[in-house]
Structure formats: structure tokens, C-alpha cells
Amino acid sequence: MFLAQVHVTYKPSILDPQAVAIKNAMHRLDFDQVTAVRQGKYFEITVDAPTSDAAETQIEAICDQLLANPNMETYRYEVKELANQ
Amino acid sequence: MFLAQVHVTYKPSILDPQAVAIKNAMHRLDFDQVTAVRQGKYFEITVDAPTSDAAETQIEAICDQLLANPNMETYRYEVKELANQ
Amino acid sequence: MQELKTEPTPAEIRDQKPYEAWGLSQREYEYISQKLIGRLPNYTETGLFAVMWSEHCSYKDSKPILRKFWNDGSRVIQGPGEGAGVLDIGDDQAVVFKAESHNHPSFVEPFEGAATGVGGIIRDIFSMGAKPIASLDSLRFGELDKPKNRYLLTECVAGIAAYGNCIGIPTVGGEIGFDAVYDGNPLVNVMCVGLMDQADLKRGRATGTGNSIIYVGAKTGRDGIHGATFASNEFSDEKATDRSAVQVGDPFMEKLLTDACLEIIHDHSEILMGIQDMGAAGLVSSSAEMASKAKSGVTMNLDLVPQREPGMSAYEIMLSESQERMLLCVKKGEEQTVLDIFARYDLDAVVVGHVTADRQYRLYQHGKLVTDVPVTSLVDDVVEREQPKKKPARLENVQPAQTPVVQQPAETLKNLLAQPTIASKQAVFKQYDSQVQANTAVTPGSDAAVVRVRHTKKALAMTTDCNARYIYLDPYVGGQIAVSEAARNIVASGGIPIGITDCLNFGSPSDPESYWELDQSVQGIAQACERFDTPVISGNVSMYNETDGRSIYPTPMIGMVGLIEDVAQITTQSFKTAGEAVYLVGDTGNDFAGSELQKLRGQMTPIGQLNFNLDAEAANQRLVQQAIRQDLLQSAHDLSEGGLGVALAEALFEYQLGFTGQTELTNSQLFSETQSRFIVSVQPKDQTEFEALAGKQAVLLGRTTDQDAVQLVTADGQLTARSSELKATFGGALGCLMK
Amino acid sequence: MMKFAVVSFPGSNCDEDLYYAITDDLHEDATIVPHTATDLTEFDVILIPGGFSYGDYLRGGAIAKFAPVMSAVKAFAQAGKPVLGICNGFQILTEAGLLPGTLQHNRQMQFICEPEPLLVANNQTMFTAAFQDQQQITLPIAHGEGNYYCDAATLAKLRDRHQIAFTYQHNPNGSVSDIAGITNEAGNVLGMMPHPERAVEAIQGGTDGLLVFKSLLQAHLRTV
Ligand SMILES: Nc1ncnc2c1ncn2[C@@H]1O[C@H](COP(=O)(O)OP(=O)(O)O)[C@@H](O)[C@H]1O
Ligand SMILES: [Mg+2]
């Protein structure tokens with residue numbers, strides 16, 4: 001059993017309206033020291049794969065096909081083995 | 001300058017229809033080995049604070065007041081100092 | 001009978017009295033043990049009784065009063081008592097509607113609370129066999145100068161939008177009021193309207209011994225356990241931490257559920273014996289009520305119930321308020337047909353039990369019988385309590401309100417137009433998809449919303465109304481006014497009012513003054529309903545709207561539906577062109593009690609005597625109806641908060657018109673809130689005919705122009721303003737305050 | 001009769017509206033086709049409706065692009081036959097790679113429902129030929145993720161090849177270059193955020209939308 005922690009974030013060149021809105025909200029709440037906000041999606045995916053490599057292959061494919069939109073997003077992930085329950 | 005990496009995720013007992021829909025989509029795509037999906041939000045926040053402690057205090061307050069909904073979500077974060085540009 | 005080890009035994013329950021914290025009184029517990037089941041209830045049973053005997057499920061405090069409503073009328077196919085009420089609209093079609101409150105959940109978690117409020121009322125509509133065609137939302141918040149209230153408003157609106165937009169039911173109307181009494185106790189009432197062929201009518205009944213009980217929809221989790229008893233208890237800051245998992249709505253799932261259930265109702269009506277949604281107190285209330293209405297019993301195996309979390313106790317499974325779940329009663333042997341349809345929609349559907357003849361309510365878990373009580377003891381034997389009533393002291397020796405002095409009517413008008421209760425709600429309703437289904441003929445912003453009935457000449461007009469400041473001053477007359485105002489909105493839109501639903505938002509029933517207010521307003525509503533031939537066909541009671549001992553203004557929200565026989569008669573509030581003659585229908589007095597002008601002048605708590613005359617109301621409504629039927633009106637707009645000044649301004653905005661005219665009214669009377677009035681506009685060629693029809697009921701005020709100017713000479717002054725400026729004030733105020 | 005397919009995904013909610021626009025108002029033939037369909041060759045046009053396919057839970061259209069019917073839609077588009085995606089349909093077409101760019105959250109992070117004044121930026125397509133060039137029209141919008149984004153190179157290409165079909169007169173959502181609707185290079189796939197099917201009868205507040213469907217009909221009549 002493997003656990004993948006996946007982060008999907010906007011490419012730096014993309015203006016993310018959600019991040020802008022969050023930053024503005026922070027400033028309205030007087031958190032003036034915040035200079036930049038980026039936001040993204042985070043996934044924890046449990047995969048029942050025989051090896052870590054097999055799990056990675058799956059996760060890579062899932063990110064490419066589903067989780068990230070290549071027009072504007074990039075992803076990174078880490079896979080770790082779960083202790084047997 | 002400090003960078004905070006914040007993860008906001010649902011409490012375990014909360015229904016997460018998004019994660020369910022994503023997991024079902026993975027299964028339809030024949031990624032059958034995926035046994036569980038949890039999803040959450042990820043933020044990278046740059047804070048212009050004098051010390052790491054000061055940055056943490058800000059981030060903690062931002063999470064409490066803005067980023068996480070305490071009824072349904074929990075958060076965790078790490079703060080690290082950014083090399084001077 | 002066997003209990004799980006961790007649960008207290010019946011004797012321990014008797015001694016430790018956990019049921020008191022769940023809202024079951026000592027007397028009720030004893031009555032149930034001694035008279036109804038003849039033994040001590042176990043842990044699960046005690047939980048079921050506590051929730052089924054709560055006010056929220058049983059209406060034990062409000063029922064004696066609700067009986068005073070008027071539910072007859074020739075169109076009624078189904079009155080109160082089912083998921084929603086049903087009215088005949090001709091052509092073998094029917095309209096179905098109901099309103100529901102989600103006040104407490106929306107305070108705790110505004111986005112999800114409001115969203116699941118929408119989801120819940122939709123299930124009530126399609127469970128009757130109707131396609132949901134429109135929603136309306138009636139909201140109350142504290143004043144927007146407090147950040148918390150801005151947050152609640154923003155999040156509630158976002159939640160309503162998220163759910164309604166996704167599921168594809170247009171949100172076509174509603175209302176929003178602001179007053180400090182709603183601090184810490186916002187009101188979120190949602191109404192849903194459905195359309196059906198009368199042949200498709202379904203009811204929540206578990207009929208026919210041996211027939212199957214099928215559970216369908218979302219899995220059961222530990223969501224909102226004790227939501228029902230929670231909603232029946234006063235809200236205090238302390239309790240805000242004392243809650244179980246928040247209910248989260250899944251509109252995508254509900255869309256599938258709606259479509260699948262309606263497919264079964266249309267195509268397999270003969271095997272579907274009954275259907276009901278799982279609302280408050282989830283599985284127990286739906287199954288017990290279905291059995292009670294069919295005078296049957298029911299047996300269920302809880303191991304078969306789809307569960308989201310491991311290790312749920314019987315008590316948790318039965319009381320869970322997970323959303324998007326339905327319970328069906330299906331003819332024995334025909335289950336597969338139903339299961340196959342749900343499978344096609346990717347929905348969980350499971351036979352969890354069957355109907356029995358002996359009227360017992362039995363639950364099994366892990367092979368053991370965990371509940372075995374008469375159905376009637378859960379549903380029908382709840383002891384009603386008519387609570388003591390007392391007229392509040394503030395209502396003794398009430399004097400007429402003072403007439404405020406208005407020296408600069410244009411200033412006053414601008415200030416009123418900027419009041420959030422009066423200002424345009426566009427910043428809110430723009431977030432709602434009001435046009436999906438492509439039948440919306442009048443979108444939010446006019447008096448009532450209008451949705452046409454496709455493939456017929458008919459349309460349905462709908463509105464929600466309640467001026468709680470009036471109810472506070474006189475619950476009886478205020479109740480009459482709430483119904484009348486709703487009817488006025490329907491009539492101004494070209495419709496005939498045909499029925500109402502309501503949400504009675506009140507304080508604690510054990511407070512004799514609150515209870516008196518409830519009683520009075522119900523009687524006032526009932527009287528007006530009978531007068532307008534608008535039976536009460538459904539509704540909802542929300543009591544205990546108090547925070548730390550302070551209650552809201554009593555707020556009996558009225559949701560009304562009207563029938564427009566021919567879409568050609570649809571009328572909106574806006575003047576259409578320059579040169580129309582504008583008339584005021586109805587007499588104007590000095591009516592400032594509870595008015596927005598009174599509030600603007602610093603009198604935050606309303607004061608003074610209300611005047612109202614149902615006969616005048618009916619006569620003026622008849623006139624407008626008749627004039628619309630004779631095709632004499634270009635526009636019709638009812639007068640409500642802010643009186644003539646505000647209504648006149650509102651009618652100018654859409655087509656950017658000006659106005660010039662003269663009246664015998666005084667400056668202050670421009671803002672008087674005398675009831676039963678309309679402004680209408682008439683083309684010059686129709687003036688003679690209109691005046692002949694109206695006689696003394698209408699007076700000419702002036703004419704629309706194509707100038708950017710409003711000019712109205714009064715008995716003691718003159719109102720002069722630019723219409724564009726008024727429009728900007730009206731249009732922008734709420735958006736600014738929400739930021 | 002011209003045959004329109006309206007593809008319905010779980011969560012689509014404008015499928016019936018489109019069906020009625022075609023049958024009641026255009027008076028042509030329409031069929032609602034489930035997401036499981038695999039063969040669409042019998043149809044003359046494919047319409048991909050608005051709504052929230054699969055709840056739009058990851059990104060609008062992200063899950064729908066994998067539905068079985070999408071292979072048939074792609075084949076249909078590759079054959080040069082007309083495909084029109086409206087609102088969520090536009091999102092699905094971009095996710096599926098049939099149209100360039102992406103639809104982001106509206107700039108102000110709110111859903112917007114209102115009648116929107118538009119310009120017909122190109123009336124030389126099979127979806128817009130019934131309009132005048134640069135005609136000002138009004139169509140309802142209703143979306144939370146309608147903020148069209150593409151990079152500069154793509155935008156330059158869209159301009160050069162006249163792929164921009166509709167633009168907003170008062171950009172409501174932050175879209176690049178006020179874009180409200182674009183075609184593919186071949187001109188047989190159109191995606192648009194505004195809802196033409198909600199403006200086909202006077203009682204709905206306008207009839208400008210009907211011209212989109214009339215354009216398709218005219219193009220069809222020329223080919224048969
Ligand atoms: N919460 C809301 N949701 C949708 N529409 C709303 C809401 N609040 C107000 N509206 C719309 O704004 C218009 C004016 O509302 P209101 O001032 O309450 O009208 P009236 O005084 O005629 O009852 C109506 O069309 C109403 O449906
Ligand atoms: Mg009105």
C-alpha cells in the first residue's frame with residue numbers, strides 16, 4: 001500500500017483569481033505583511049500497487065490525465081509506503 | 001521574508017463529495033488500484049515578518065480566520081525562511 | 001433484546017436520565033415507558049423517542065395552533081401532512097410547493113447550512129412526484145455593519161447559489177431583510193415549487209404487508225446527529241461547540257436522485273407504493289412516518305444501510321441527518337426494476353426492510369433486535385401541549401405613530417433607497433442561476449417571479465413576503481398584512497393567488513409571549529388566506545429562535561403561488577415607455593408604525609399602531625386584476641417598504657425613464673406605508689377606460705418622461721432628483737455594504 | 001429534418017432546454033443522447049449542454065472529458081461536422097482538447113447570472129452566419145468559471161485565424177480579450193459561455209440565441 005501526496009498548482013505565469021481574492025481578503029483583515037499568495041489543490045491518494053515504482057507510474061498517469069490541466073497547472077508528488085495495518 | 005506552506009483538509013467524518021467524484025473518475029479510467037482519495041487545499045503564503053515566530057503567529061491567525069473552516073476542516077503548516085533575493 | 005456493551009442499560013438510562021439532554025422531559029419519558037411501551041426503553045429506543053418527540057419532528061407545541069390555519073379551497077389536492085402541498089392548476093396538472101427553514105444550521109455553518117436547506121426542500125417536492133421548477137429564498141440577518149453578519153450573508157448566499165445552480169433549479173426570487181434582532185440568529189428559509197401531472201401524485205406511505213423498503217442515495221454518516229433536537233433548543237454561544245459533524249450537501253448526487261426518482265414515478269408508478277425523503281431525524285422519521293400514515297408496521301435491518309463510517313451504532317444510523325437520501329416502498333417482487341434504475345444513475349440502492357401488518361417498529365442490527373416499539377408510540381401518540389399564552393405588555397395601550405417631518409423628500413428618498421432592506425438585491429440574486437430550465441418569464445427584481453408552464457398558455461407567479469416589524473407591532477394584523485402583501489405581489493404580476501406555504505420563525509414556545517405571538521399571527525394569516533382563497537397547503541415551524549434569551553421579531557414568512565391563466569397577462573413593475581400615465585391605486589394615510597422611515601429616523605424598535613383593512617385590500621387587488629385582464633396596464637407595482645416614493649423610483653429604473661407629476665399628498669406621506677396600494681401605468685389611449693374602471697380607487701399622479709429627472713410636486717413641497725442618481729444609489733447600496 | 005444530438009452527462013442541466021430550443025423553436029429534430037453512447041454518426045450536429053457534469057468537482061469538464069461518448073464526439077468533430085458546446089459544454093471541449101485555452105474562475109470569484117451584451121466578432125462561421133457582422137446582441141450568461149484564458153501565442157493564433165466568434169461588450173468575468181466564444185481552427189467546433197438556448201422566445205427576454213441554431217440550419221441546408 002502506498003500513499004501519494006500530490007500538489008497541483010498554477011504555473012507561475014498564470015493569474016489565479018482565487019489566490020488574488022484570498023490575498024485581498026487577508027489585506028482586508030489587516031494581515032498586511034502577506035506579500036504573495038499562491039494556492040493549489042492537494043490530494044492524498046492511497047494506491048494498492050505492488051511496488052513503489054508501480055505506484056508512481058499510476059500517480060503520474062492520474063496527474064497527467066485528470067488532476068492537472070496542463071494549460072495552466074503543474075504538479076508534484078511524493079509516494080511513500082504505508083506501514084501494513 | 002518567510003514562506004508558509006499550508007495544507008487544509010477535511011476532518012475525517014465530513015462528507016467530501018469532491019473526493020468521491022474524483023475517486024469514481026479514477027476507477028472509470030481503470031485506475032482500479034486507487035483505494036482512497038482525500039483532497040484539500042494547499043497555500044503558499046509569503047510573509048514579510050521580522051522573525052519566524054512572528055510569521056507563524058500570522059499564519060496561525062490567517063488559517064483560523066480565513067483559510068480553514070473550523071467546523072469542517074483542519075490545517076497544518078510549515079514556515080521556512082526565504083533566502084534573500 | 002440486547003444492548004451493545006458500551007451503551008447504558010435501560011435501568012441506567014432511567015437513573016442517569018441522558019434523555020433530558022436530548023430534549024425529552026421526565027414526564028414524557030415516564031409516559032412512554034409506562035403507558036406506551038410498558039417497559040423501560042433501551043438506549044436506541046430512547047434516542048428515537050427523543051428525536052421523534054421533539055418539536056421539530058412532532059410539532060407537539062405548534063400543532064394546536066397550526067389547526068387554526070385554513071386548508072380548504074377547491075384547488076387543494078394535498079394539504080399539510082405530506083412532503084409538500086399540491087394544488088390543481090387545470091389541464092390535469094398541479095403545482096406543488098413548500099418552504100422550510102434552516103436557521104440554526106446556517107448560523108453554525110452558513111455555506112453548508114444554507115446549501116443543505118435548498119437540498120432538503122427540493123427532496124420534499126420531487127418526493128410528491130413533481131419536477132422542481134423554481135426556488136425562492138427568504139433571508140434575515142443582523143445589520144451589515146457587523147463583519148459577522150456580512151460573513152453570514154455572503155456565505156449563505158454562496159451556499160444557496162452553489163446548490164441551486166448545480167442542480168439546475170432556477171432560484172427566481174426571495175427577500176432579504178436586515179435588523180439587529182437577527183444578530184446571532186439569522187433566518188434562512190427556502191421555498192421550492194414543483195410542477196406535475198396529477199396522475200403522478202405520490203405520498204410517503206409504507207403500504208402493503210410484505211412490500212420492500214428501499215434505501216437510496218448517499219451513504220449514512222455521523223452528520224448532524226441530534227440536528228432535530230438541536231433545532232428545537234434555544235441557541236446559546238455555549239452550544240456552538242456542542243455539535244456533531246456538519247452536514248455537507250452534494251447537489252450532484254441530488255440531481256441524480258431527483259432524475260432517478262422521477263423516472264421511477266413516471267415509468268413504474270404501479271410498483272412504487274410510497275416515497276419520502278429523509279429529512280430531520282433521517283431514517284427514523286421517514287420510516288416511522290411512512291408506516292404511521294399507512295397504518296402498518298416496518299422492520300429494517302440496519303446492517304444493510306449503506307454507511308460511510310465504520311462502527312456506527314443503531315442510534316447513530318437512525319438519527320443521522322446525512323443529506324441526499326430517500327426511502328421508497330416498493331411492491332414485493334418488483335424490487336429489481338427499481339434497483340436497476342438507480343444503478344444506471346450510479347446511486348446506492350438497497351432493500352433494507354419490509355412492511356409488516358402488526359404496526360410494530362422493529363430494527364435489527366448485528367442479528368439482534370435493537371428496537372421494538374409500536375409505530376404509533378413514535379409518531380401518533382406524542383402528547384401535544386397547548387402552552388400558556390400572554391399578550392406582551394408592549395402591545396397594551398398602543399398609540400398611533402408620530403408623523404416624521406420630511407423637509408427634503410429627495411434626500412429622504414435616497415437614504416431609503418440605500419437602506420439594505422430596500423436597496424436592490426441584485427448583488428445577491430445575480431449569483432443565482434434564475435433562468436435554467438428556460439421557463440423564467442420574470443427574473444428577480446420585479447414584484448413576483450414568473451415561470452411559464454411549457455406547452456400551455458399558463459404561468460406561475462411566486463413570491464415570499466413578511467414584514468416582521470409589523471408582526472412585532474401586531475402579530476394578528478401583521479399576519480394579515482404578510483399574506484396580503486404576498487397576494488399584492490402576485491396580483492401586480494398578473495396572477496390570481498391560489499395558495500400559500502409558510503415558515504413560522506418564532507421564539508421559544510415555552511415563553512408565553514412568544515406563544516401568544518405565534519397564535520395571533522397564525523389567526524391573522526388564516527383570516528387573510530380565507531379572504532383571498534389561498535389555502536395553507538404546507539409549511540414549517542422554527543421555534544427557539546433566541547440567542548442568549550433574546551428572541552427575534554416573530555417572522556412568519558409567507559410563500560405564495562399565483563396562477564396566470566395566459567402568459568399575455570404577465571405584468572412587471574417597470575414603466576415601459578415615456579408618456580405613460582401613472583396612477584396611485586388606494587388611499588394613503590399617515591402610516592409610519594414600523595415603517596422604514598421610522599427606522600431611518602433612528603427608531604430602531606418599531607413603534608405605533610398598525611392600520612389595515614382587508615376589504616380595501618381585496619377591492620384594490622380586484623381592480624388591478626381586472627385592469628390587467630382588460631389589457632389596460634403597462635406596469636403594476638405594489639407599494640411596500642418605503643411607500644410611494646420608493647415604489648415610484650423602482651418603476652423608473654429598468655428603462656431609464658423620468659417622471660413628472662403632482663399629488664395632494666404631503667412630503668412625509670410619500671414614505672407612508674399605508675397598505676393595500678399599487679402604482680400602475682397606463683397608455684394615454686387607455687386612460688379613459690382605466691379611469692372608468694377605477695373610479696375613486698385610483699388617482700392620476702403624473703407621467704413618465706424620457707428625461708433623467710424625477711419631479712413630484714406635493715402638498716407641502718417638491719421632490720426633485722435625477723433618476724440616474726436614484727438608480728445608482730438603489731443599485732449599488734447592498735453590494736457596497738457586503739464588501 | 002436536421003438531426004441534433006444533445007449529449008447529456010450526469011450533472012448536465014441545460015440538456016432539456018437545448019432539446020426544447022431545437023424542437024419547439026427551431027422546429028427541427030433533437031435527441032437527448034446519454035454519456036454512454038458510442039455512435040453519433042446518424043446526427044448532423046452535436047450540442048454539448050451547460051450544467052455541472054459530474055458535479056464539476058475537480059474543474060469544470062475535467063471528468064466529463066473521459067465519458068464514453070467523448071470518443072464519438074471527437075470522431076464527429078474530426079469528420080468536420082459541427083459541434084457546439086455551451087457553458088459547461090465549452091469547458092468540456094477545452095478539457096478534451098477540441099478547443100484551445102481554459103475557463104478559469106470568474107475574476108470576482110462569484111457565479112454571475114445576467115443578460116450580457118455581446119458582439120458577433122465573426123459572422124463567417126457555420127454557427128454565426130445568420131448574424132450581421134459585428135452585430136450587437138444580448139444573451140444570458142450563467143457561470144462561475146467562464147473566465148477564458150489562453151497564452152499570448154494562442155491568442156495571436158485565435159485572432160489571426162478568426163477563431164473568436166463572440167466577445168463581451170462589458171467583460172463580466174475577466175476573460176482574455178473579452179472572449180465569450182471561440183471556434184477551432186477548422187471552424188466546425190464552437191464553444192461559448194453565453195446560453196443561446198435561453199434566448200429563443202420573446203417570453204425568455206430575447207430571441208438572439210435562435211440565430212445560432214438558424215445559422216447551423218442554413219449551413220446544413222446548403223450541404224444537402
Ligand atoms: N434573496 C433573494 N433571492 C432572490 N431574489 C431576491 C432576493 N431578495 C430579493 N429578491 C428579489 O428582489 C425583488 C425585490 O424584492 P423585495 O424588495 O422583497 O420585493 P417586495 O417588496 O415587492 O416584496 C423581488 O423580485 C425579489 O424576488
Ligand atoms: Mg413588491
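Chain A is the first sequence line, chain B the second, and so forth, proteins listed ahead of strands; every chain is numbered from 1. Just so it is clear, the values below take in all heavy atoms, side chains as well, and ignore hydrogens, waters and symmetry mates. Quantities reported herein were computed from a predicted structural model and do not represent experimental measurements.
Heavy atoms closer than 4.5 Å to chain B are found in both the backbone and the side chain of A/Ile62. Using a 4.5 Å cut-off between heavy atoms, A/Ile45 touches chain B through backbone and side chain atoms alike. Only the side chain of B/Leu66 comes within contact range of chain A, judged by heavy atoms closer than 4.5 Å. Residue contact with chain B, scored on non-hydrogen atoms closer than 4.5 Å, involves the side chain of A/Leu67 exclusively. Within the 4.5 angstrom heavy-atom criterion, no atom of A/Gln18 approaches chain B. Interface remark: A/Ala61 contributes backbone and side-chain atoms alike to the contact with chain B (heavy atom separation under 4.5 Å).
Interface remark: of the candidates B/Lys23, B/Gln39, B/His7, B/His7 forms the most heavy-atom pairs closer than 4.5 Å to chain A. Interface summary for chain B: among A/Phe31, A/Phe43, A/Phe2, the most heavy-atom pairs under 4.5 angstrom belong to A/Phe31.
Counting non-hydrogen atoms of other residues, nucleotides and ligands closer than 6.0 Å to NZ of A/Lys11 gives a total above 12. Within a 6.0 Å radius of CD in B/Gln65, other residues, nucleotides and ligands contribute more than 12 heavy atoms.
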**OP:** Could you please spell out the steps behind the side-chain contact (heavy atoms from CB on, under 4.5 Å) verdict for A/Glu60 and A/Tyr77?
**Re:** CA-CA 8 Å; A/Glu60 181 95 24; A/Tyr77 59 85; 2.4 Å; yes
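How far CE of A/Met26 is from CD of A/Gln33: 12.5 Å, rounded to the nearest 0.5 Å.
Between the side chains of A/Tyr75 and A/Glu73, not a single donor N or O lies within less than 3.5 Å of an accepting N or O.
A/Arg38 is not listed as a side-chain neighbour of A/Asp16, based on a closest heavy-atom distance of 4.5 Å or more.
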